[in-house]
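Below: one structure, written as structure tokens.
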2 protein chains.
Amino acid sequence: MDLIEIYQCLCDATRLRILHLLTRGPLCVCHFQDILNVPQTKVSQHLSYLRKRGLVEVTRHANWMIYRLPAHPPRELEANLKCLQDCTAEDKRFRADLKKLAKIQSGCGWIAAALKDAPACCQS
Amino acid sequence: MDLIEIYQCLCDATRLRILHLLTRGPLCVCHFQDILNVPQTKVSQHLSYLRKRGLVEVTRHANWMIYRLPAHPPRELEANLKCLQDCTAEDKRFRADLKKLAKIQSGCGWIAAALKDAPACCQS
DNA sequence: TACGAATATTCGCAACGACGAATATAGATC
DNA sequence: GATCTATATTCGTCGTTGCGAATATTCGTA
């Protein structure tokens, strides 16, 4: 994995928030929409950008696409994600994202359930 | 200092090499030219980019402009520079840069001499 | 097999970045 | 003050990026 490409992925606020959330575990697109409060198209475009460069992986569960960090990220990515966590630990916006994430995760147990079924909390 | 701006500075190969060199100490433009082997205009443009965002500081010594990292960089910058060093430790190109740097530094003692005089090694 | 829900892709556009070429500036020296 | 040296800035161009709007795809379900 190219270090420059990693930094290119990190230098957009939306992608930064996405990656930051993914360090806590896998998420589907509708969760990103909810937490980040941005239009679906925008989320998908950034996820596509990240996927093309190998920073995230995706699996389909019925209609839902579950995004996650690679199982064994290369050293450079791991180091930078760790650094990102340190740098955002006291940031208001990133903390707010985590708070929203916690609410969603407690609302439905599908993530803990190893993604065996479609996330019930996505069903409107 | 904005985290996004830091990443924007890091996502170009030339700037990455410049910052990497600066973690070893101050340098003047002609040294960057020598080590990186890129045209003067390009070096100046990237240094200007970095200066505008506060990642480097500059002082003039006669005709020479001495660039350095800020004396007390903010947490985010410090963390990322540390991460950069980790990520590049085994990289061929970055190691070659350091090798060239060592040669230049041993060739003239002006950096150790606290920049009291114009760097003799710059004088052609 | 038609439809709805979740998500992806394409398109057009404005902004930005990288680069080389040309030009400008600032200080030292004669 | 003319000139030289080190460095900075400007300009034109080209590729990339971010975004919203529109459209397409994929899967489950009736």
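All chains are named by letter (A, B, ...) in the order of the sequence lines, taking the proteins before the strands, and each is independently numbered beginning at 1. Just so we're clear, the structure is a prediction, and the values are computed from it rather than from any experiment.
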* To do: Examine dA18(C): is either OP1 or OP2 under 4.0 Å from a nitrogen or oxygen in the side chain of Arg15(B)? Give yes or no.
  => yes
* Asked: Is atom CZ of Arg53(A) surrounded by more than 12 heavy atoms (other residues, nucleotides or ligands) closer than 6.0 Å?
  -> yes
* **Atom-pair distance (CZ on Arg51(A); P on dT7(C)), nearest Å** => 13 Å
* **Integer-rounded Å distance: dT7(C) P and Phe32(A) CZ** => 10 Å
* May I ask you to evaluate whether His46(B) reaches the phosphate of dG17(C), defined as a side-chain N or O under 4.0 Å from OP1 or OP2? => no
* No-H, no-angle donor-acceptor pair, Gln45(B) side chain to dT10(D) base, under 3.5 Å -> yes
* Asked: Counting side-chain heavy atoms from CB outward, which of dT7(D), dA26(C), dA22(C) is closest to Gln33(B)?
  -> dT7(D)
* Asked: Rounding to a whole Å, what distance do you find between Leu36(A):CG and dC19(D):P?
  -> 12 Å
* Nearest heavy-atom neighbours spanning Asp12(B) and Ile4(A) -> C-CD1, 3.7 Å
* Does Arg51(A) count as lying over the ring of Tyr67(A), i.e. NZ or CZ under 6.0 Å from the six-ring centre, within 45 degrees of the axis? -> no
* Between Thr41(B) and Tyr49(B), just flag the one whose closest nucleotide in DNA chain C comes earlier from the 5' side. => Tyr49(B)
* **Pair Lys82(A) + Asp86(A): basic N to acidic O under 4.0 Å** => yes
* Asked: Considering only dA6(D), dT10(C), dT9(D), which nucleotide approaches the side chain of Asn63(B) most closely?
  -> dA6(D)
* Nearest-nucleotide 5' precedence on DNA chain C, Thr14(B) against Val29(A) -> Val29(A)
* Provide, to the nearest angstrom, the distance between the CD1 atom belonging to Ile4(A) and the P atom belonging to dT17(D). => 13 Å
* Asked: Do Gln40(B) and dA6(D) have a side chain to base donor-acceptor pair shorter than 3.5 Å?
  -> no
* Between dT7(C) (P) and Ile18(A) (CD1): distance, integer Å -> 13 Å
* Among dT10(C), dT7(D), dA6(C), which nucleotide sits nearest the side chain of Trp64(A)? -> dA6(C)
* With the side chain of Ser44(B) defined as its heavy atoms from C-beta on, choose the nearest nucleotide among dA22(C), dT7(D), dT26(D). => dT7(D)
* **CA sep, side-chain torsions, deciding dist, call: Thr88(A), Arg95(A), side-chain hydrogen bond (donor to acceptor under 3.5 Å, both in side chains)** => CA-CA 8 Å; Thr88(A) 58; Arg95(A) 288 173 71 91; over 6 Å; no
* To do: With Arg17(A) as the cation and Phe94(A) as the aromatic partner, state whether NZ or CZ is under 6.0 Å from the six-membered ring centre and within 45° of the axis.
  => no
* **For atom CG of Asp12(B) and atom C1' of dC16(C), their distance in whole Å** => 13 Å
* Between dA5(C), dA28(C), dA8(D), which nucleotide gets closest to the side-chain atoms of Met65(B)? -> dA8(D)
* Asked: What is the distance from NZ of Lys42(B) to C1' of dG20(C), rounded to the nearest Å?
  -> 10 Å
* Structure fact -> Closest to the side chain of Arg60(A), out of dA22(C), dA8(C), dT26(D), is dT26(D)
* Atom pair distance, as rounded to whole Å: CG in Leu47(A) and C1' in dC19(D) -> 15 Å
* To do: For Gln8(A) and for Tyr67(B), locate the closest nucleotide of DNA chain D by heavy-atom distance; then report the residue assigned to the nucleotide nearer the 5' terminus.
  => Tyr67(B)
